[in-house]
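Have a look at the structure below before the remarks.
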Protein chains: 2
Amino acid sequence: MSKILLIGASGTIGQAVMANLGARHDVITAGRSSGTHRVDFAQPGTVAQLFAAVGHVDAIISTAGNLHFGPLAEMTAEQFNIGLQDKLLGQVQLALIGQKVLKDGGSITLTSGIVGVEPIRNGANATAVNAAIEGFVAAAAIELPRGLRINAVSPTVLAESVGVYGPFFPGFEPVPAARVALAYQRSVEGAQTGRVYRVQ
Amino acid sequence: MSKILLIGASGTIGQAVMANLGARHDVITAGRSSGTHRVDFAQPGTVAQLFAAVGHVDAIISTAGNLHFGPLAEMTAEQFNIGLQDKLLGQVQLALIGQKVLKDGGSITLTSGIVGVEPIRNGANATAVNAAIEGFVAAAAIELPRGLRINAVSPTVLAESVGVYGPFFPGFEPVPAARVALAYQRSVEGAQTGRVYRVQ
């Protein structure tokens, strides 16, 4: 049984990851407004506070992070920066600080998204941020010491969310969150590093 | 003859782009400390001021942008944010504001770099930022109106810079800046959009 820190535990993917990994591991939950611990990527410092509270873990999983969605024609630098500071730098921080609190051989699993490689209308910020997360994972993997691993999971639109997000993903085949959760299991319980697990 | 705004004109690539495109076009230069106009990605607002001064153009080229290089083990969120705010958001701003001042059929050409797809030690910020730039270009291309185009050029290490940067790129084959400049020519004078021109 591993000790796993799950950030974004209350989201649709987070709940599915909890249902999968919680059956075999000690999963500690964290989130902006729910879970055992509070952490908010928009509040610098809360990531460090989270790790100070939780201590050493075997795995860190993030299914959290906000992006800006909107037409390119109206997008401002401030709006674009939302995704950079939240979903991107928030998750990067989990890895930068997490590398110091992970036990030997531990893993970090971040979340990107299909828009990183399949652009959609209104999605310029999402494509850039998701591509950056996947790049970061590939680069960080070659520098991590002590057998530490880092991967990303890139889910497509969720079956559970298709009522809300479906119109933004024309012709994209939705997948149930339980299938997406398998990719987090592969990342945590498998041996690979620097991988992007695409669930689409 | 097109009117082209070149940001980063004093750099090694910028000079080579100037030598290539300047022979056939009216190239207006801009940079942090040289060129006809001042612009500094680290100073929000200077991009808008640049376009206000230059007016409508046929093409925008950026060969500018700073990154953080350093060991992952010591990297802080603040250091990682340097590349996000400068090379990434600076160039994104050129596109977000530039889409309004470009003439119909005009083009935007940004610069990423080989580390975006080929990670090196100390390069986690560079990989993430360059991957994000390439993602942004792919996404922005599907939303730009009026026949506007956007591409990126991804150079490998330059022959001119190999004395300084060579040790960070073991076994990478350097290319002369004049070869890299051809990719900018292809982007500006060609018809493609959403492309990454890799020069390696």
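Every chain is numbered from 1, with letters handed out A, B, ... down the list of sequences.
The environment of OH in A/Tyr165 is sparse: at most 12 heavy-atom neighbours from other residues, nucleotides or ligands sit within 6.0 Å. Other residues, nucleotides and ligands contribute over 12 non-hydrogen atoms within 6.0 Å of the CZ atom of A/Arg38. The number of heavy-atom neighbours closer than 6.0 Å to CZ of A/Phe169, taken from other residues, nucleotides and ligands shown, is above 12.
When hydrophobic clusters are built by joining Ile, Leu, Val, Met, Phe, Trp and Tyr residues whose side-chain heavy atoms come closer than 4.5 Å, directly or via intermediates, B/Ile28 is grouped together with B/Leu50. Hydrophobic clustering (ILVMFWY, side-chain heavy atoms < 4.5 Å, transitive): B/Phe69 and B/Val164 are in one cluster. Taking hydrophobic clusters as Ile, Leu, Val, Met, Phe, Trp and Tyr residues chained together by side-chain heavy-atom distances below 4.5 Å, B/Leu110 shares a cluster with B/Val54. B/Leu6 and B/Ile150 fall into different hydrophobic clusters, where Ile, Leu, Val, Met, Phe, Trp and Tyr residues are linked whenever their side-chain heavy atoms come under 4.5 Å apart, directly or through other members. Under a hydrophobic clustering in which Ile, Leu, Val, Met, Phe, Trp and Tyr are joined whenever their side-chain heavy atoms come within less than 4.5 Å, directly or via other members, A/Met18 and A/Ile108 fall into different clusters.
The backbone N or O of B/Arg121 sits nowhere less than 3.5 Å from a side-chain atom of A/Glu143 that would complete a donor-acceptor pair. Not one N or O on the side chain of A/Glu134 forms a donor-acceptor pair closer than 3.5 Å with the backbone of B/Ala128.
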Check against side chain to side chain contact (heavy atoms under 4.5 Å, CB included), B/Asn81 and A/Gln85: CA-CA 8 Å; B/Asn81 203 29; A/Gln85 297 304 306; 2.8 Å; yes

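Put simply, CG on A/Leu96 and CD on B/Glu74 are 11.5 Å apart, with the number rounded to the nearest 0.5 Å. Interatomic distance, CE of A/Met75 versus CD1 of B/Ile97, reported as 13.5 Å (0.5 Å rounding). For the atom pair B/Phe136 CZ and A/Thr127 OG1, the distance stands at 10.0 Å (nearest 0.5 Å).
Between B/Pro119 and A/Ala139, the closest heavy-atom pair is CB-CA, 3.7 Å. When all heavy atoms are compared, the tightest approach of A/Ile120 to B/Ile142 is C-CD1, 3.7 Å. The two atoms that bring B/Ala132 and A/Ala132 nearest to each other are CB-CB, 3.7 Å, heavy atoms only. The nearest pair of heavy atoms linking A/Ala131 to B/Gly135 is CB-CA, 4.3 Å.
Ranked by heavy-atom pairs under 4.5 Å with chain A, the first of B/Leu88, B/Val92, B/Val47 is B/Val92. Ranked by non-hydrogen atom pairs under 4.5 Å with chain A, the options B/Val137, B/Asn122, B/Val129 are led by B/Asn122.
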